[in-house]
Amino acid sequence: MRNNYFQFKQFTIQQEKSSMKICTDSCLFGAWVAEKMERKFIEPQSILDIGTGTGLLSLMAAQKCEAKIDAIEIDKDSYLQAKGNFSASKWSPRLQILHADATMQVDEKKYDLIICNPPFYENDLTSSDRRKNIAKHHEALTLEDLIAIIQNKLSENGGFAVLLPFHRVEYFKQLATRNNFFVADEVQVKQTPQHPCFRGFLSFTAKKVPHIIHELIIKDKEGKYTAEFNYFLQDYYL
């Protein structure tokens, strides 16, 4: 029987009906962002998680900071499971989720940090399953939509971080630059040393800072998880 739960040290994520399944790169991205907060490179008081899915990124962030975290999710089943995951966690007083379309949120609330694992595979073949299309493609949230939301919701001195397929990284950097955001950190993720980059982690600020590029490899030539991968996820996996 398929396991519908993802077990971490301090929380369990239910994902049975969600169209946005948990995967290794999402966990790694969440750990990368959380590590920045733990080491005080960023110290947000408020966080917005756009398209939270089952709530993974919010829960990982909550474990490493004291910020209040708002999450938003358009898919009803994912929203309900994220809501349940939040309620079951010990950080529930700082977690709030809204079932809504992020592009339609026009309130004046601002956030110090915005995080997002946006829809993947723009320009690739789409599934016949509409819920999968919304989760994995650009039907519900384009990268242009995402930048517009960030411009509206980010505080004056805030920043944001996104996870992208590597073939979308350069386009998104150009899009962000045109909208007066600047890359601070960029992580180019490979499955193994022999594989090409398949994911990019990017953090941005509204002020120009040195652009740091780093390569992160998940498994070594022998198929074992690398020391860096284990470093990022050691506080989460059982």
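- In this structure, the side chains of L48 and L154 stay at 4.5 Å or more apart for every pair of heavy atoms.
- A distance-only check finds a donor-acceptor pair linking the side chain of D220 to the backbone of K224 [under 3.5 Å].
- Side-chain contact check for D185 versus H211: every heavy-atom pair is 4.5 Å or farther apart.
- Judged as a ring-ring contact (aromatic ring centres under 6.0 Å, His included), and not counting sequence neighbours, the contacts of F29 are F201.
- Annotation: cation-pi geometry not satisfied between K153 and Y111 (NZ/CZ under 6.0 angstrom from ring centroid, within 45° of ring axis).
- For Q151 and N179, the side-chain atoms include at least one donor-acceptor pair closer than 3.5 Å.
- Annotation: side chain to side chain donor-acceptor pair (under 3.5 Å) contacts involving residues 39-51, sequence neighbours excluded, comprise E35-R39, D49-T52, D49-S58.
- Cluster membership check: F182 does not share its hydrophobic cluster with F172, using side-chain heavy-atom separations under 4.5 Å among Ile, Leu, Val, Met, Phe, Trp and Tyr.
- With ring centers used as reference points, F181 lies under 6.0 Å from F160.
- The hydrophobic cluster containing Y231 also contains Y236, counting ILVMFWY residues as joined when their side-chain heavy atoms lie under 4.5 angstrom apart, directly or transitively.
- A donor-acceptor contact under 3.5 angstrom links the side chains of N117 and S26, judged on distance only.
- Side chain of N152 to backbone of A148: no donor-acceptor contact under 3.5 angstrom is found.
- Under a 3.5 Å cut-off, the side chain of Q188 and the backbone N or O of C197 do not form any donor-acceptor pair.
- The shortest side-chain heavy-atom distance between I217 and Q191 does not fall under the 4.5 Å cut-off.
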- prompt: Yes or no on side chain to side chain contact (heavy atoms under 4.5 Å, CB included) for L59 and L95, after CA distance, side-chain angles and deciding distance?
  reply: CA-CA 8 Å; L59 286 163; L95 294 164; 3.9 Å; yes
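- Side-chain contact between I147 and L143 is absent, with no heavy atoms from C-beta onward closer than 4.5 Å.
- Heavy atoms from other residues, nucleotides or ligands lying under 6.0 Å from NZ of K173 number more than 12.
- Around atom NZ of K68, no more than 12 heavy atoms belonging to other residues, nucleotides or ligands sit under 6.0 Å away.
- No donor-acceptor distance shorter than 3.5 angstrom exists from the side chain of R199 to the backbone of K190, with no hydrogens or angles considered.
- A salt bridge is absent between E156 and K110; no separation between the charged side-chain nitrogens and carboxylate oxygens falls under 4.0 Å.
- Under a 3.5 Å cut-off, the side chain of E73 and the backbone N or O of D75 do form a donor-acceptor pair.
- A side-chain donor from one of S155 and D112 sits under 3.5 Å from a side-chain acceptor of the other.
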- request: With ring pair (Phe, Tyr, Trp, His ring centres under 6.0 Å) as the test, would you mind laying out the steps for Y225 and F232 before giving the verdict?
  value: CA-CA 11 Å; Y225 287 117; F232 277 110; over 10 Å; no
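- Within the model, atoms NZ of K207 and CG of N180 stand 14.0 Å from one another, a figure rounded to the nearest 0.5 Å.
- Within the 3.5 Å criterion, the main-chain N or O of A67 finds a donor-acceptor partner in the side chain of R94.
- Rounded to the nearest 0.5 angstrom, T192 OG1 and I218 CD1 are separated by 9.5 Å.
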